[in-house]
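Data block below; observations after.
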Amino acid sequence: MSALSDIAWQARLAARSLIEFGENLLNPTVRLGITGLSRAGKTVFITALVHGLVRGGRFPVFEPLASGRATGARLEPQPDDAVPRFDYEGHVRALVEERRWPESTRQISELRLVIDYQSAGGAMRTLTLDIVDYPGEWLLDLPLLNKSYEQWSAETLAQSRSGLRPNLAAAWHRHLNAIEPQAAADEAAAIEAARLFTEYLQAGRDERFAMSLLPPGRFLMPGDLAGSPALTFAPLDLPAGTEPAAGSHWAMMRRRYDAYREIVVRPFFRDHFARIDRQIVLVDALAAFNAGPEAVRDLQGALVSILECFRVGRRDLLSSLFRPRADRLLIAATKADHLHHAGHDRLEAVLSAMTARAIEQARFSGADIEVIALAAVRATREAMVRDGTGQLPAIVGTALPRPGDQGESAGEVAIFPGDLPEDPSALFENGDAAFRGLSAGPAADADFQFVRFRPPPLEKAADGVPALPHIRLDRAMQFLFGDRMR
Ligand SMILES: Nc1nc2c(ncn2[C@@H]2O[C@H](COP(=O)(O)OP(=O)(O)OP(=O)(O)O)[C@@H](O)[C@H]2O)c(=O)[nH]1
Ligand SMILES: [Mg+2]
């Protein structure tokens with residue numbers, strides 16, 4: 001290419017990016033990240049959000065809809081060809097038509113929604129919302145990028161030997177004791193170790209423990225990597241101050257751990273995380289409260305790690321790898337419909353307290369952060385129920401059979417959700433005593449802790465449009481992208 005045409009070509013490129021830039025000012029695109037640990041409510045949140053925008057919901061706090069400036073929304077083909085599409089139609093069918101919760105998802109997925117609106121100046125514009133759903137567990141992997149296999153092994157082992165975890169890790173620990181790290185690499189032993197280690201992680205996630213886990217995130221959320229060598233490793237009990245011998249089991253485990261970081265962790269942060277404009281982190285805090293103080297401390301630790309991801313990129317080593325660009329971050333306690341409305345503010349207060357220090361640090365890096373309690377789909381209604389001495393506030397919904405129960409739905413039940421403590425620190429310190437009030441009211445037995453409700457029927461709105469009931473979903477929408485629709 002001659003110098004002249006080279007200049008012309010560069011000029012064309014520059015002109016094009018200017019046009020794209022201008023286009024983005026007029027018709028903004030927002031890449032919205034939805035994340036949360038497993039079962040936090042990501043799929044339900046996205047489904048309810050899109051359904052509400054496409055089919056019309058009641059969102060008085062979402063200004064563009066409330067004022068009538070938003071005139072319609074539709075799905076369009078997504079920008080990234082290599083990412084699975086979010087199965088919106090399947091999830092709506094489950095939630096709205098069949099009144100059952102959508103299946104659990106284990107993958108990153110994406111959906112593009114285009115909203116037509118009238119700008120403050122009266123011109124017609126569109127907001128393109130690229131919604132990206134990814135497992136929060138993947139964010140917990142960030143620290144691995146700065147950690148050797150030996151460090152990770154030592155920390156993971158120490159953790160598995162504390163608190164309630166040794167019981168859950170017993171089978172894996174037995175297997176570990178029989179392994180000599182400097183002996184020849186043994187594939188069968190590696191497969192067995194990875195299996196037992198994964199089982200330990202899974203047991204911690206069980207709702208009785210509700211632990212928020214340690215990395216590696218893909219052991220529970222393998223995506224398309226299930227069974228590959230990059231996922232076939234586990235910690236070893238290693239002597240300090242020595243190096244692995246060539247061809248040893250230790251050397252193989254270390255190589256696979258390094259492969260996991262290169263093939264899985266780094267590309268995720270570079271290709272997905274670093275491109276997010278606005279982020280919501282969904283948190284099932286009530287499940288942790290119900291499981292007890294260890295689960296609460298554990299969740300707090302996981303939240304700190306997750307929020308850390310939004311802070312890096314200024315001074316530390318990782319900045320050469322990626323720079324998070326999210327400028328707004330919403331931390332949302334989900335399933336608030338399990339509480340009486342009087343409890344919603346306390347739920348927000350507790351979550352704020354749990355994340356206070358991490359939020360302080362993330363703010364420092366320039367992101368705007370809010371904490372709210374919401375229910376993307378409200379499955380209960382409130383009622384006053386008479387007992388011997390007076391009236392008690394209750395929530396009423398159609399109960400689902402508990403996992404493992406063979407029977408049909410238990411029908412309508414009223415539960416007395418009790419109060420969250422006014423002082424959130426009680427949740428960490430007094431442990432069980434603080435929780436008892438939350439999960440069991442006067443008439444409840446302990447089993448009600450784990451009551452799950454069936455999704456509600458559509459409600460007929462005043463204007464005749466049937467909509468899914470929710471709690472504060474509109475506040476989340478306003479914070480996440482309402483400001484981009486001026
Ligand atoms: N009552 C109530 N329950 C909810 C709500 N959102 C989620 N749930 C419950 O939480 C479960 C998990 O919700 P999902 O949206 O599938 O959670 P997820 O984060 O996508 O979970 P994975 O895909 O397994 O990681 C559902 O099956 C419901 O039982 C809500 O707004 N209200
Ligand atoms: Mg999901």
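Both counts, for ligands and for their atoms, begin at 1 and track the order of listing.
- With atom 14 (P) of ligand 1 as the reference point, the heavy atom nearest to it among Gly41, Ala40, Ala287 is part of Gly41.
- For Thr105, heavy-atom contacts with ligand 1 shorter than 4.0 Å involve the backbone as well as the side chain.
- At a cut-off of 2.8 Å, Thr105 coordinates the Mg ion (ligand 2) through an N, O or S atom.
- Comment: Arg472 engages Asp345 in a salt bridge, judged by a side-chain N to carboxylate O separation of less than 4.0 angstrom.
- A donor-acceptor pair shorter than 3.5 Å cannot be found between the side chains of Thr380 and His338.
- The aromatic rings of His341 and His344 stand perpendicular to each other, their planes meeting at an angle above 60°, with 30° marking the opposite boundary.
- Residue-ligand proximity, Ser38 to ligand 1, at heavy-atom distances under 4.0 Å covers atoms 25 (O).
- Under a 4.0 angstrom heavy-atom cut-off, Gly36 registers as lying outside contact with ligand 1.
- Of the protein's heavy atoms, Val377 O, 3.2 Å lies nearest to atom 30 (C) of ligand 1.
- For Thr43, a nitrogen or oxygen atom sits less than 3.5 Å from a nitrogen or oxygen atom of ligand 1, counting backbone and side chain alike.
- For atom 19 (O) of ligand 1, the closest non-hydrogen atom on the protein side is Lys42 NZ, 2.7 Å.
- Taking distance alone, with nitrogen or oxygen atoms compared against 3.5 Å, Asp337 approaches ligand 1 more closely than that limit.
- Taking only nitrogen or oxygen atoms, main chain and side chain alike, Val44 reaches within less than 3.5 Å of ligand 1.
- Near Ser104, with a cut-off below 4.0 Å to any heavy atom, the atoms of ligand 1 are 22 (P), 23 (O), 24 (O).
- Checked against the 6.0 Å centroid threshold, Trp152 and Tyr260 do not count as a close aromatic pair.
- To the nearest 0.5 angstrom, Leu111 atom CG is 8.5 Å from Tyr88 atom OH.
- Atom numbering of ligand 1 starts at 1 in the shown order; those under 4.0 Å from a heavy atom of Ala379 are 1 (N).
- Taking the ring centroids of Phe479 and Phe62, they lie at or beyond the 6.0 Å cut-off.
- Heavy atoms of Pro135 stay at 4.0 angstrom or farther from ligand 1.
- Tyr149 and Arg256 share no side-chain donor-acceptor pair at under 3.5 Å.
- Using a 4.0 Å cut-off between heavy atoms, His338 contacts ligand 1 through its side chain alone, with no backbone atom that close.
- A salt bridge links Glu459 with Arg58; the closest basic N to acidic carboxylate O contact falls under 4.0 Å.
- Salt bridge status for Asp298 with Arg165: present, with a side-chain N to carboxylate O gap under 4.0 Å.
- Atom CG of Leu49 is separated from atom CG of Leu468 by 11.5 Å, given to the nearest 0.5 angstrom.
- Comparing heavy-atom distances from atom 26 (C) of ligand 1 across Tyr134, Trp101, Phe453, Phe45 singles out Trp101 as nearest.
- Only the side chain of Arg106 comes within contact range of ligand 1, with a heavy atom under 4.0 Å; no backbone atom does.
- For ligand 1, the atoms closer than 4.0 angstrom to any heavy atom of Ala375 are 31 (O).
- Polar contact check, Arg452 against ligand 1: a nitrogen or oxygen pair lies under 3.5 Å apart.
- Atom 21 (O) of ligand 1 has its closest protein heavy atom at Arg39 N, 3.1 Å.
- Below 3.5 Å of separation, one finds no N or O of Pro102 facing any N or O of ligand 1.
- For atom 10 (O) of ligand 1, the nearest protein heavy atom (residue, atom name, distance) is Lys335 NZ, 2.9 Å.
- Under the ring pair (Phe, Tyr, Trp, His ring centres under 6.0 Å) rule, Tyr134 has a single partner from Phe269, Phe268, Phe86, which is Phe268.
- Phe219 and Phe197 have perpendicular rings, their planes meeting at more than 60° on a 0 to 90° scale where under 30° would count as parallel.
- Look at Asp141 and Lys147 and you find no salt bridge, because none of the NZ, NE, NH1 or NH2 atoms lies under 4.0 Å from a carboxylate O.
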